[in-house]
Amino acid sequence: MNTENTILSQLNSSQQEAVKHIEGPLMLIAGAGSGKTRVLTHRIAYMLTKGISPYNILALTFTNKAAKEMRERVYDLIGEANAKATSVGTFHSIFLRILRIEATKLGFRENLTVYDTDDAKNVLKNIIKDMNLDIKTYLPGYVLSRISNAKSSLLSAEDYAQSPEIAQADAVSGLPMIGEIFLRYAARLRKSNAMDFDDLLYFMNVLLRDFPETLLKYQRRYRYILVDEYQDTNYAQYLIVKKLAALSRNICVVGDDAQSIYAFRGANIENILNFRRDYPEAKLVKLEQNYRSTKNIVKAANAIIKYNTEQLQKEVWTNNDEGAKITIHSLSNETEEANTVANSILDMKLNFHLKNNQFAILYRTNAQSRALEETLMKRNIPYKIYAATSFYNRKEIRDLIAYFRLTVNNYDEEALRRIINYPHRGIGATTLEKITVAADEYNVHLWNIVNEPHVYNPEVNSPTKTRLQDFASKIKSYTAQIQKMNAYDLAMHIVTTSGMLLALKENIAEKERLENVEEMLDSIKSFTEKQPDNLFNEETGEMIENYVPTLDRYLESVALLIDDVDEDKEDEDKVKLMTIHAAKGLEFDHVYVTGMEENLFPSSLSLGTKRELEEERRLFYVAVTRAKKSLTLTHCQMRYKYGSPMFCERSRFLDEIPDNYLKIIQKASSKASFSGSYASSNCGKSSYSVPLSVKKSVPKTSKQINTASIGKEATPDDIVPNIRVYHATFGYGNVIKTDGVSHDKKAVVNFDSVGEKTLLLKFAKLILPYK
DNA sequence: ATGGAGACCTTTTTT
DNA sequence: AGGTCTCCAT
């Protein structure tokens with residue numbers, strides 16, 4: 001446990017100021033790389049030295065990643081026991097925990113389950129079909145976003161349906177039935193004892209609004225509140241925090257308006273701008289010294305963000321070295337872009353003895369990762385793609401979780417529908433339709449019909465009834481085990497006795513799915529072996545003795561976790577690929593931002609309003625400020641979109657970086673590879689991507705990458721046994737032997753990544769690497 | 001009831 | 001290009 005002095009000695013003066021201000025409201029404006037998390041965690045440690053109980057501390061973050069990082073760093077500072085007593089987590093996860101405890105007050109049952117976006121869309125799809133509405137008019141995703149916005153503004157389905165203004169607006173946009181859909185949707189979720197993401201915030205507000213004694217309970221418990229990324233909070237989140245802090249007024253919010261990138265989903269910049277209206281006595285501290293990046297990067301970032309008109313005054317500066325200038329590569333297509341990035345990484349690794357994990361490749365959309373991935377794989381550069389939905393969105397994982405959900409909450413209709421016939425047990429679409437009709441008729445849950453088919457007599461034949469009953473019995477037998485077995489044992493039991501494992505094993509093509517399920521089971525095993533974050537009884541504050549890591553607890557921990565299962569292996573030596581959004585809050589030595597093109601970044605969907613464009617620019621600011629040592633930006637003249645090639649203009653953002661922070665702007669190396677007829681004429685000032693008229697005839701230009709940075713091009717005579725060479729596709733290798741002379745000379749080269757290849761030298765374009 | 005072929009749609013970003 | 005959905009053949 002650190003003393004007050006050791007805590008403060010690790011901080012600069014404004015950081016200290018922030019850490020020492022623990023009573024009363026505090027707003028921290030924290031520039032990129034200014035040690036924000038450091039201040040938050042040290043502030044928690046400092047509180048403990050002042051005798052504040054960790055049990056009274058609540059720290060809310062926006063993403064799981066941020067929560068995890070904060071937990072780890074708090075743990076390092078104040079030790080295990082204290083760290084576990086604090087409440088550090090995302091808004092959604094902390095509130096889910098509370099809502100499960102208080103569920104009955106809100107008319108829900110215990111063991112709430114959480115519907116993710118896919119579940120929610122599914123429910124909406126069913127409702128829209130039931131109402132005989134056109135699914136293409138009432139797009140489930142769009143309807144969901146309307147519902148989500150309403151809930152974020154604390155409108156209930158009833159409020160929505162009864163509002164004449166909203167009804168008018170929906171009528172004008174040709175979607176008059178959204179109110180009715182919303183009503184049915186809310187009813188359906190309640191019936192399933194489930195909440196969607198927005199409900200977690202909405203019902204938390206309802207709880208604190210309608211139950212004063214509950215409000216008081218949590219106000220007393222959470223006497224010190226910290227909110228990270230305050231600029232990303234929406235109205236519902238803002239109000240919860242305001243209510244919780246109303247008694248103690250010990251609230252610290254941290255944010256950077258320049259890094260607000262979630263307005264598109266309801267985040268409200270005003271929350272940070274209005275903080276001092278709610279708390280006039282608030283202290284304001286600005287963290288402006290950047291410890292992360294070079295002067296070049298910091299100054300370039302400052303210059304970029306100046307193009308935005310809406311922002312708080314702040315001047316980020318650094319004492320770090322000047323550093324390398326920012327490189328821009330102009331390439332002809334995405335293959336070349338990927339090759340250029342790969343070359344640069346290999347080059348830097350070789351010259352400066354760097355590791356893969358010092359590099360990150362960032363992009364605007366997930367779709368861009370594919371071309372990069374292919375190239376990295378070809379070049380044998382280890383990489384990892386951080387895509388939010390990768391693991392948990394897999395069919396087999398969702399199936400498995402559906403079993404868990406149904407086990408914990410028999411009324412979880414989406415889970416039931418998902419697995420009632422997986423693996424196949426003769427309960428097909430027809431049967432499902434029949435029992436749905438019966439459930440509506442008797443106004444009971446789908447589960448009731450499945451559980452007691454002989455009572456409700458759905459119009460299915462007798463063997464089918466038996467099959468339904470068998471399924472229900474199986475699930476009930478799992479439910480009965482929840483408190484008796486730990487999560488892993490029960491999960492294993494479910495996987496084996498449900499037939500899921502067998503189904504996966506029978507089908508050779510499902511091998512990968514089987515492996516994923518096994519990986520999931522491994523992660524459950526480690527969950528059961530790991531002590532939980534919070535060993536206190538939420539009601540009493542007492543230590544929980546004989547804690548058992550049960551399946552329902554596992555589900556709670558995983559319900560809101562979209563991150564990868566094997567997130568522990570962070571020290572893996574791999575190049576990291578992710579969207580800029582996903583990179584927020586992270587830092588990397590060497591950063592590549594690809595696809596710096598109009599309509600991609602800034603996105604074509606964000607060009608409508610100044611507000612949206614400014615958000616894109618903030619996103620660019622975030623991208624730039626991720627880099628510690630070097631930053632490389634790339635853009636292409638041509639890129640595939642929706643499967644067809646499109647011309648691309650360089651992003652306006654590139655022109656917003658002052659020249660004195662920029663290095664060589666490399667010209668596209670292979671303009672000539674476009675056949676002249678369409679190369680220039682369509683490239684004009686149009687703000688749209690222009691589809692190429694010629695499909696699939698674009699020449700491959702991967703061999704025309706700029707290799708000047710790696711070495712000089714070899715003539716056939718240069719190639720002799722035992723020398724080391726570089727090849728644009730195969731990478732580095734050693735020449736084994738040669739055969740023939742001059743233009744017909746061949747060489748056998750043993751490449752590091754792909755092994756021996758025989759090359760005809762007049763075509764191979766080998767490079768002699770610089771030493 | 002199951003699966004395959006073809007149409008069709010998608011594309012921000014995340015809890 | 002890739003995934004999802006629909007419909008038709010089995």
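We name chains A, B, ... by the order of the sequence lines, and we start the count at 1 in each one.
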Completion exercise
With B for base contact, S for sugar-phosphate-only contact and - for none (protein heavy atoms under 4.0 Å), nucleotides 2-10 of chain C reads S--SS----

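Residues passing the side chain to side chain donor-acceptor pair (under 3.5 Å) test with A/Ser606, sequence neighbours excluded: A/Glu616. Not counting sequence neighbours, A/Tyr115 has no partner by the ring-ring contact (aromatic ring centres under 6.0 Å, His included) test. Scored by the salt bridge (Lys or Arg N to Asp or Glu O under 4.0 Å) test, A/Glu229 finds A/Lys36, A/Lys584 as partners (sequence neighbours excluded). A/Phe108 is linked by a ring-ring contact (aromatic ring centres under 6.0 Å, His included) to A/Phe203, counting only residues two or more places apart in sequence or in another chain. Annotation: salt bridge (Lys or Arg N to Asp or Glu O under 4.0 Å) contacts of A/Glu656 (sequence neighbours excluded): A/Arg617.
With rounding to whole Å, A/Leu607 atom CG is found 15 Å from B/dT11 atom C1'. Following rounding to the nearest Å, A/Glu556 (CD) and B/dT15 (C1') show an atom-to-atom distance of 15 Å. For A/Tyr621 and B/dT13, the OH to P distance is 24 Å, given to the nearest whole Å. Per the geometry, CE belonging to A/Met204 stands 16 Å off C1' belonging to B/dT15, to the nearest Å. Rounded to whole angstrom, the span from the CD1 atom of A/Ile580 across to the P atom of B/dT11 amounts to 19 Å. A/Tyr386 has its OH atom 19 Å from the C1' atom of B/dT13, to the nearest Å. Whole-Å rounding puts the A/His581 NE2 to B/dT11 P distance at 16 Å. B/dT11 atom C1' lies 16 Å from atom CZ of A/Phe601, rounded to whole Å.
Few gaps surround CZ on A/Phe471; more than 12 heavy atoms of other groups in view lie less than 6.0 Å from it.
There is a side-chain donor-acceptor pair under 3.5 Å between A/Thr233 and A/Asn271. Between the side chains of A/Asp257 and A/Gln231, not a single donor N or O lies within less than 3.5 Å of an accepting N or O.
For A/Thr117, the listed nucleotide lying nearest its side chain is B/dT15; candidates were B/dT11, B/dT15, B/dT13.
Using a 4.0 Å heavy-atom distance criterion, A/Phe62 is classed as a sugar-phosphate-only contact.
With DNA chain B read from its 5' end, the first of the two nearest nucleotides for A/Phe91 and A/Glu616 is the one closest to A/Glu616. Of the two residues near DNA chain B, A/Thr579 and A/Ile427, the one whose nearest nucleotide lies more 5' is A/Ile427.
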Let me have the donor-acceptor pairs involving side chains of residues 121-136 of chain A, under 3.5 Å, with sequence neighbours excluded, atom names and distances please.
unit_1, atom_1, unit_2, atom_2, d
A/Asn126, ND2, A/Asn122, O, 3.4
A/Asp134, OD1, A/Lys136, N, 3.1
A/Asp134, OD2, A/Thr137, OG1, 2.9

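Note on A/Thr430: a side-chain N or O is less than 4.0 Å away from OP1 or OP2 of B/dA1. The shortest distance between the side-chain N/O atoms of A/Ser148 and the OP1/OP2 oxygens of B/dT15 is not below 4.0 Å. Phosphate proximity of B/dT13 to A/Asn366: present, with a side-chain N or O under 4.0 Å from OP1 or OP2.
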Check nucleotides 2-10 of chain B for protein N or O atoms closer than 3.5 Å to its own N or O atoms and list the pairs.
none

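Comparing the same atom, P, in C/dT6 and in B/dT11 gives a spacing of 16 Å after rounding to whole Å.
Residue A/Phe264 and nucleotide B/dT13 are classified as a stacked aromatic pair, their ring centres being separated by less than 5.5 Å at an interplanar angle below 30°.
Listed by first and then second residue, the ring-ring contact (aromatic ring centres under 6.0 Å, His included) pairs involving residues 595-627 of chain A are A/Phe601-A/Phe620, A/Phe601-A/Phe653, A/Phe620-A/Phe653 (not counting sequence neighbours).
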